[in-house]
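Reviewing the structure listed below.
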Amino acid sequence: MPSASTGTDAELPDSETPSETVTAEAQTPFALWQYRPSGEGFEPTAPINIVFELADSDRTLSDVMDVLRSDDWYTTFEEYARYAYNALEDQYEHQHATAAQTYYGGFGRHHVRCWEFDGFVSMQAHQDTPANPHHGIESYERTRELLGARFAAEGWSVTPGGLRFDNEADPDHCGAVTVIRP
Amino acid sequence: MSGDQQDPVPASSLRPETETRREESAEPTGGPTLEPTDGRRSRANRSERWTVGWRSALESPLLGQDARLSALAIGTMLSFAALAILAVALDGVVPATEIAVTGYDRLRATTIQLAMVLILVAPVAYGLRNGGPVLSYALALCPLGIAFLASGQLALTTDFVVVLLMGATGASLATVVPAVRRSSTRLPAWSIGFENGLLISTATTVLALVGTTRLATTGVHPFGAHAGVLVALVGLPLSIVVFGWVGWYHADRHGEEQNQTSRTQRSSVSGRSD
């Protein structure tokens with residue numbers, strides 16, 4: 001897991017960017033993308049932009065979700081089925097836990113999907129557009145910043161840009177990944 | 001305001017014939033007005049009695065003017081509920097294949113779109129077409145109710161507040177517009193149904209006002225950006241309700257005056273006006 005330790009173990013200032021870019025899921029315990037099935041296997045739809053290193057703590061994905069639940073985020077709501085690649089098991093896995101601010105997202109909402117692989121949580125965080133009629137991506141960055149600030153307020157250690165993934169995506173994700181530790 | 005026996009106004013002088021007939025048909029037996037010929041009544045089978053039964057159950061100014069449209073609205077809500085519950089039931093059990101996930105995603109997208117139609121369009125469309133403030137409000141509330149049943153949660157969000165806003169708009173339109181259509185003046189015509197509808201519309205408008213102002217004070221992103229517009233939009237149901245109360249005030253006073261005139265001009269009056 002060379003890239004998982006790159007940048008994450010170092011105490012980086014918030015603005016510092018790690019020198020190495022993670023280019024494949026096999027290099028990290030985290031997922032890089034969320035996927036949907038396609039004729040040729042799976043195709044990426046949105047980038048992982050927040051990760052949680054929980055392996056050396058007693059916290060789990062459930063503790064991550066508890067923070068969102070405390071803000072009245074829904075954990076059962078209308079959303080699509082998405083998958084992430086678990087390199088350890090060499091398989092695509094349906095979203096392990098999800099949360100969103102509203103049930104239907106008719107007028108925009110923040111929305112996350114999470115996967116936990118051996119104590120490493122990968123989160124795809126984004127702001128949905130209003131349903132017109134389908135949801136689109138309003139922003140990745142805004143939700144990444146919002147949740148970074150939210151977990152910092154809860155006392156978690158937050159490093160914006162602590163990792164860089166090769167998963168740039170429109171409209172505004174440059175590959176910078178927020179790393180959060182208990 | 002609670003029943004015909006307390007009606008301070010001669011019903012026959014203020015209510016059009018169509019409404020009087022509708023209220024009569026709400027009697028448990030179904031009433032002869034729905035089946036005007038003896039021949040048809042004698043041939044009534046169980047199916048016909050059932051039809052008369054549900055029609056009678058839906059014959060209320062608070063539900064709507066046309067029982068068939070009321071039944072259609074209830075059917076729409078039940079269909080939406082079935083669709084939304086199916087989507088939740090399939091969560092996590094859909095095979096990871098392109099065709100299965102594409103179908104599942106479409107089901108979810110359809111549920112979201114139908115919810116938006118129910119919230120944004122149905123209350124106003126139904127209220128304008130068929131009256132019935134209770135069903136107009138129920139159409140807006142239905143998606144929120146399903147969300148609560150499915151998730152056990154009810155959060156103060158833009159979705160929630162828009163439900164309150166559109167529900168109040170639909171209920172107030174459903175109350176005032178049919179009353180204006182019945183009226184010979186530009187103000188709503190008085191009736192028990194109108195009066196009860198006005199109370200319901202007023203309550204829903206107050207709820208919308210409370211919801212929008214509370215959302216404005218939370219400042220949660222991205223809902224804070226919507227709150228100002230939503231607070232302003234409460235002016236829509238509010239103005240309709242105020243117009244309704246103006247009509248109620250004038251119609252009621254007019255009825256009182258007519259009552260007094262009738263008493264002085266005629267020594268023997270019908271017991272209905274007392």
Side-chain angles (χ1 to χ4, degrees), chain A residues 34-43 45 68-85 91-111 126-136 138-139 142-143 145-147 149-150, chain B residues 83-84 87-120 143-163 165-166 215 218 220-223 225-227 229-230:
Chain A
Q34 70 173 28
Y35 299 85
R36 71 176 161 215
S38 75
E40 299 176 359
F42 287 81
E43 63 179 9
T45 64
L68 301 176
R69 282 193 199 96
S70 70
D71 283 348
D72 291 333
W73 285 41
Y74 287 81
T75 50
T76 298
F77 56 95
E78 292 296 341
E79 63 177 343
Y80 305 144
R82 294 293 179 260
Y83 300 79
Y85 180 65
Q91 62 187 12
Y92 288 88
E93 297 184 11
H94 183 260
Q95 53 218 22
H96 292 176
T98 61
Q101 288 174 304
T102 79
Y103 194 89
Y104 299 102
F107 306 93
R109 65 182 178 187
H110 293 288
H111 176 195
H126 64 270
Q127 182 183 348
D128 281 322
T129 63
N132 52 357
H134 296 281
H135 288 152
E138 182 82 36
S139 172
R142 212 169 289 144
T143 310
E145 290 168 7
L146 184 140
L147 290 183
R150 182 69 190 89
Chain B
L83 199 68
V88 172
L90 291 175
D91 187 23
V93 301
V94 174
T97 63
E98 182 179 20
I99 190 164
V101 170
T102 300
Y104 175 76
D105 287 356
R106 281 187 183 160
L107 173 65
R108 288 268 159 159
T110 303
T111 307
I112 293 169
Q113 289 155 17
L114 281 178
M116 291 305 105
V117 171
L118 280 174
I119 292 170
L120 294 174
L144 198 66
I146 296 299
F148 177 70
L149 284 177
S151 66
Q153 292 175 260
L154 200 56
L156 184 64
T157 65
T158 298
D159 284 24
F160 185 7
V161 167
V162 170
V163 164
L165 179 63
M166 294 310 298
L215 187 73
T218 60
V220 172
H221 190 275
F223 310 133
H226 309 148
V229 176
L230 293 171

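Below, read A as the first sequence line, B as the second, and so on, with proteins coming before strands; counting in each chain starts at 1.
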Exercise. Between chain B and each of A:Q95, A:R142, A:R109, count heavy-atom pairs under 4.5 Å; write down the option with the most.
Key: A:R142

Self-check item: Separation of A:D72 CG from B:L154 CG (nearest 0.5 Å)
Solution: 9.5 Å

Practice problem: Could you look at B:I99 and say if it's the side chain, the backbone, both or neither that has a heavy atom under 4.5 Å from chain A? | Solution: neither

Quiz item: Top residue by heavy-atom pair count (under 4.5 Å) with chain A, among B:G152, B:A100, B:A150?
Solution: B:A150

Exercise. Check B:M116 against A:G106 and note the closest heavy-atom contact, atom names and distance.
Key: SD-CA, 3.5 Å

Quiz item: Between the main-chain N or O of B:L114 and the side-chain N or O of A:Y104, is there a donor-acceptor pair closer than 3.5 Å?
Solution: no

Quiz item: A:E43: what forms a side-chain hydrogen bond (donor to acceptor under 3.5 Å, both in side chains) with it, not counting sequence neighbours?
Solution: A:R36

Practice problem: Walk me through it: do B:V162 and A:F107 pass the test side chain to side chain contact (heavy atoms under 4.5 Å, CB included)? | Solution: CA-CA 9 Å; B:V162 170; A:F107 306 93; 3.7 Å; yes

Exercise. Measure B:Q153 against the heavy atoms of chain A and call it side chain, backbone, both or neither at under 4.5 Å.
Key: both

Quiz item: Where on B:F160 is there a heavy atom nearer than 4.5 Å to chain A: the side chain, the backbone, both, or neither?
Solution: neither

Exercise. Could you check which of B:P143, B:A115, B:A87 has the highest count of heavy-atom pairs closer than 4.5 Å to chain A?
Key: B:P143

Quiz prompt | Check: A:Y80 main-chain N/O paired with B:D105 side-chain donor or acceptor under 3.5 Å | solution = no

Self-check item: Whether over 12 other heavy atoms sit under 6.0 Å from B:R106 CZ
Solution: no

Self-check item: Residue pair B:E98 / A:S38: nearest heavy atoms and the distance that separates them
Solution: OE1-C, 3.6 Å

Quiz item: Where is the tightest heavy-atom contact between A:G108 and B:F223, given as atom of each residue plus distance?
Solution: O-CE2, 3.6 Å

Quiz item: Closest approach of B:V101 and A:P37, non-hydrogen atoms and distance?
Solution: CG2-CG, 3.6 Å

Quiz prompt | Contact class of A:E138 relative to chain B, heavy atoms under 4.5 angstrom | solution = neither

Quiz prompt | Pairing residues for A:A131 by the side chain to side chain contact (heavy atoms under 4.5 Å, CB included) criterion, not counting sequence neighbours | solution = A:H135, B:I112

Quiz prompt | B:T110 backbone acceptor or donor facing A:E78 side chain under 3.5 Å | solution = no

Quiz item: Could you walk me through whether B:V220 and A:Q101 pass the side chain to side chain contact (heavy atoms under 4.5 Å, CB included) check?
Solution: CA-CA 10 Å; B:V220 172; A:Q101 288 174 304; 3.5 Å; yes

Self-check item: Heavy-atom pair with the smallest gap, counting every atom of B:H221 and A:L146
Solution: CB-CD1, 4.0 Å

Exercise. Mind listing the closest non-hydrogen atom pair of A:Y83 and B:V94 along with its distance?
Key: OH-O, 3.8 Å

Quiz item: Does B:R108 use its side chain to pair, donor to acceptor, with the backbone of A:F77 at less than 3.5 Å?
Solution: yes

